[in-house]
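Taking it in order: structure first as structure tokens, then the write-up.
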There are 2 protein chains.
Amino acid sequence: MEEMHEKGLSKNQVLQQLESKLKADLAYDSGKILGSMCTKAHEFAEQIYVKCLEKNLGDPGLFPATAELENEAIRLLGSLLSNTESCGHFVSGGTEANIMALWAARNLSREKQREVVIPVSAHYSLYKAADLLGLRPIKVNLNEQFQVDTTAVKEAITSETLAIVGIAGTTDLGVVDPIPELSEIAMTNELYLHVDAAFGGFVLPFFKELGLANFDFDFKLPGVSSITIDPHKMGLAPIPAGGILFRNGALMKGVSVEVSYLAGGNTEQSTIVGTRPGASAVAVWALLMHLGREGYKTIVNGCMDLARTLAEGVERMDGVSLVTKPVMNIVGIKSNRLDVDVLARKLRRKGWAISLFPKHIRVVVMPHVKLDHVHNFLKDLEKIVKEIR
Amino acid sequence: MEEMHEKGLSKNQVLQQLESKLKADLAYDSGKILGSMCTKAHEFAEQIYVKCLEKNLGDPGLFPATAELENEAIRLLGSLLSNTESCGHFVSGGTEANIMALWAARNLSREKQREVVIPVSAHYSLYKAADLLGLRPIKVNLNEQFQVDTTAVKEAITSETLAIVGIAGTTDLGVVDPIPELSEIAMTNELYLHVDAAFGGFVLPFFKELGLANFDFDFKLPGVSSITIDPHKMGLAPIPAGGILFRNGALMKGVSVEVSYLAGGNTEQSTIVGTRPGASAVAVWALLMHLGREGYKTIVNGCMDLARTLAEGVERMDGVSLVTKPVMNIVGIKSNRLDVDVLARKLRRKGWAISLFPKHIRVVVMPHVKLDHVHNFLKDLEKIVKEIR
């Protein structure tokens, strides 16, 4: 089909074509998707989302109630991140959030510095942000725990440095950088510090009460300027629902533009995108209200349990091992003897949608992953490892 | 509510709170929204959208069928815009599309030029794009038909010029710039030409067959490098569904990054955002198939008819007049005797969500606007005009 039909097809004809065409897609319910940081959204959030399809936060004056719910939900996230004074928005995802953070940092910098110190473990969106914004990413290596090496961060800082990035839940291993030290470095050098907690933001706040290792990573630390926290990852919201929180309104001003002509009246827009689905904000609000801290704690606990089961299974297996003890519900599997590319290819041939990094395979134990999926995966992994050896 | 509840509320409690909180929002069905370029989506598109909430085009290997439907839908739009070789994506909206165009232009420029020639009638997203990308917007004035003055465009071009922007459907008046002349200027000077047809892209292609003034604005013109065309405006798709089409794959390369670790395998990502709702792409595909050219022609015809009714009503009225004869279904209302700010305030007090520009009120006659809404609006306008005089 290369040209639009002159006469359209009936709804039934289109639905029939769709049904057959969409068969090749995977689904979270299959339990085969083990390498995505997205997941099946909570059904209550989906129920709310579909009621709100027309609400557009690009023209908040038309949808003032939705705009107010967004503010309320942002304040709830602020409380989760130890700062009820923070402000921000639900955006398209972690990429937009990370770009916004560096955009704000750049626009607030009077001195026109152009270097950003970024751990080598950073998400590619930070390099995309640097390219867009004309910034030079200065890459910093990791310590033996795969966290950013803070001595190297200090050494990387020059008169050209604009901002530092820390990560609370790295893409490849779910490791948390030493954000308290980064906060001190940022304070000492008067630099903007952005924390990418796209994944960890809905995980780490519950660790203390779950009796797990506690990490300080949020606005409790005085040097933290902004945080990415994505409801559509461990927050169980439907996509698209990323989140960006700034420590205060003054920082968000760095990315604000006046839009004066809108049907709902003047607005100050502080996102990259214009039209923005209000459904996302309302769904997040409803889910935060419905699950409460307890609901999220239970979800995190379940994922951490399964991640431990997976990690223990890998440790018991000959031929493969853990890259590091999982910090969150992300498990890195490596091998000193086998080629991980071959391993990954064979796993994918058995239908497992895992992630492949240069030296390891990543499994993200999201809420859609159940115990029997983990068992089946371990069985297949063991079979493949035996085949290859 | 400033802190997350420890224990969540029941679904019913949340739904009850939502119902009461959301009352302040306007709805397209009310017919009171006369100043938005968004509209109530076609119910078939909504039906498809809600079936596809989990499909994520940020990891196309997981959803290969959805990715293929996106490609098919982009090819259909390409045919609508006279170029079946074009490629592109459905993005968050016109803002992301416009940023992508200038990003591509900047990254493809070997000489590092930094100036973009932009009509003063351009959407604010083009200035946002310039700020993000570190480009200097060179503003060019309009001729008496509110189109960009092409003589001024020629004069604005220097050795620093990177790109020219033309608009097919200006934000304030729905006017179409002389794109054929801009195309020639772009060819002569070897410049990138981006056409912002966010609004006009789903309107202008049907004008010839409807017996309306024909405008050349698309890839038929050899100088056009990229086009913004938003399905969530006159394309009747649910938000978020913007569109960006590049003349060919080489141009899109300017914004491509390799993402290698994804669960679905390697991908080349050519959007600003990462996670991207597949539901938007599938809904657009389904709607293009269901409506066909004929369906869209009927919708455009209806909107143009109503816009004429509105324009004639304004022309007959004492005290107000048209800024210009409407080119598309966008009507600009001015007054030589009355203060349009006062007029707008009084219209808004009567519940009319119209847009306000420095010297005129804008009504966008979208598909959700019906004949009785137009009549009621004209009645209220007449009443207010008589009050003020």
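Just so it is clear: chains get the letters A, B, ... in the order the sequence lines come, proteins before strands, and each one is counted from 1.
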Heavy-atom side-chain proximity of [X] to [Y] below 4.5 angstrom:
| X | Y | result |
| --- | --- | --- |
| B/Tyr127 | A/Val257 | no |
| A/Cys38 | B/Thr275 | yes |
| A/His290 | B/Leu9 | no |
| B/Trp285 | A/Leu18 | yes |
| B/Phe44 | A/Val14 | yes |
| B/Leu15 | A/Ile48 | yes |
| A/Asp131 | B/Trp103 | yes |
| A/Lys55 | B/Asp25 | yes |

Review point. For B/Arg293 and A/His5, what are the C-alpha separation, side-chain angles and deciding distance, and is it a side-chain contact (heavy atoms from CB on, under 4.5 Å)?
Key: CA-CA 6 Å; B/Arg293 288 185 60 93; A/His5 292 283; over 6 Å; no

Relative to chain A, which of [options] shows the most heavy atom pairs under 4.5 Å?
| options | result |
| --- | --- |
| B/Val364, B/Ile272, B/Asn56, B/Ile361 | B/Ile272 |
| B/Gln13, B/Met37, B/Glu68, B/Glu46 | B/Glu46 |
| B/Lys40, B/Arg348, B/Lys297 | B/Arg348 |
| B/Ile99, B/Leu133, B/Asp230 | B/Leu133 |

Calculate, to the nearest 0.5 Å, the distance between atoms [atom1] and [atom2] belonging to [X] and [Y] respectively.
| X | Y | atom1 | atom2 | value |
| --- | --- | --- | --- | --- |
| A/Leu26 | B/Glu54 | CG | CD | 9.5 Å |
| A/Lys11 | B/Leu287 | NZ | CG | 10.0 Å |
| A/Leu22 | B/Cys52 | CG | SG | 5.5 Å |

Side chain from CB out, backbone as N, CA, C, O: work out which of these in [X] comes under 4.5 Å of a heavy atom of chain B, or both, or neither.
| X | value |
| --- | --- |
| A/Leu34 | neither |
| A/Thr171 | side chain |
| A/Ser355 | both |
| A/Val91 | neither |
| A/Ile33 | side chain |
| A/Ser125 | neither |
| A/Ala279 | neither |
| A/Gln47 | side chain |
| A/Leu80 | side chain |
| A/Asn107 | side chain |
| A/Ala286 | both |

Practice item. Check the pair B/Leu53 / A/Ile239 against side-chain contact (heavy atoms from CB on, under 4.5 Å), numbers first and verdict last. Key: CA-CA 7 Å; B/Leu53 288 182; A/Ile239 62 167; over 6 Å; no

Heavy-atom pairs under 4.5 Å with chain B: which of [options] has the most?
| options | value |
| --- | --- |
| A/Arg362, A/Glu96, A/Lys32 | A/Arg362 |
| A/Val50, A/Thr66, A/Asp59 | A/Thr66 |
| A/Phe63, A/Tyr49, A/Phe357 | A/Phe63 |
| A/Ser10, A/Pro238, A/Pro64 | A/Pro64 |
| A/Glu294, A/Lys23, A/Glu258 | A/Glu294 |
| A/Leu288, A/Val259, A/Leu69, A/Thr84 | A/Val259 |

Exercise for review: Would you check if there is a donor-acceptor pair between the side chains of A/Tyr124 and B/Gln269 at a distance under 3.5 Å?
Suggested key: yes

Exercise for review: Indicate whether any N or O donor in one side chain lies under 3.5 Å from an N or O acceptor in the other, for B/Tyr261 and A/His360.
Suggested key: no

Review point. Are the charged groups of A/Lys21 and B/Glu72 less than 4.0 angstrom apart, N to O?
Key: yes

Point to revise | Side-chain ion pair, B/Glu19 and A/Lys51, N-O less than 4.0 Å | key: no

Point to revise | Proximal component of B/Ala27, with respect to chain A [non-hydrogen, under 4.5 Å] | key: both

**Study point:** side-chain hydrogen bond (donor to acceptor under 3.5 Å, both in side chains) against B/Thr271, all qualifying residues, sequence neighbours excluded
**Key:** none

Practice item. Ignoring hydrogens and angles, tell me if any N or O in the side chain of B/Lys7 forms a donor-acceptor pair with the backbone of A/Gly292 under 3.5 Å. Key: no

Practice item. Using atom types as modelled and distance alone, determine if a side-chain donor or acceptor of A/Arg106 lies under 3.5 Å from a backbone N or O of B/Leu132. Key: yes

**Study point:** side-chain contact (heavy atoms from CB on, under 4.5 Å) between B/Ser36 and A/Leu62, worked out
**Key:** CA-CA 9 Å; B/Ser36 176; A/Leu62 296 181; 4.1 Å; yes

Exercise for review: Assess whether atom CD of B/Glu209 is packed by more than 12 heavy atoms of other residues, nucleotides or ligands within 6.0 Å.
Suggested key: yes

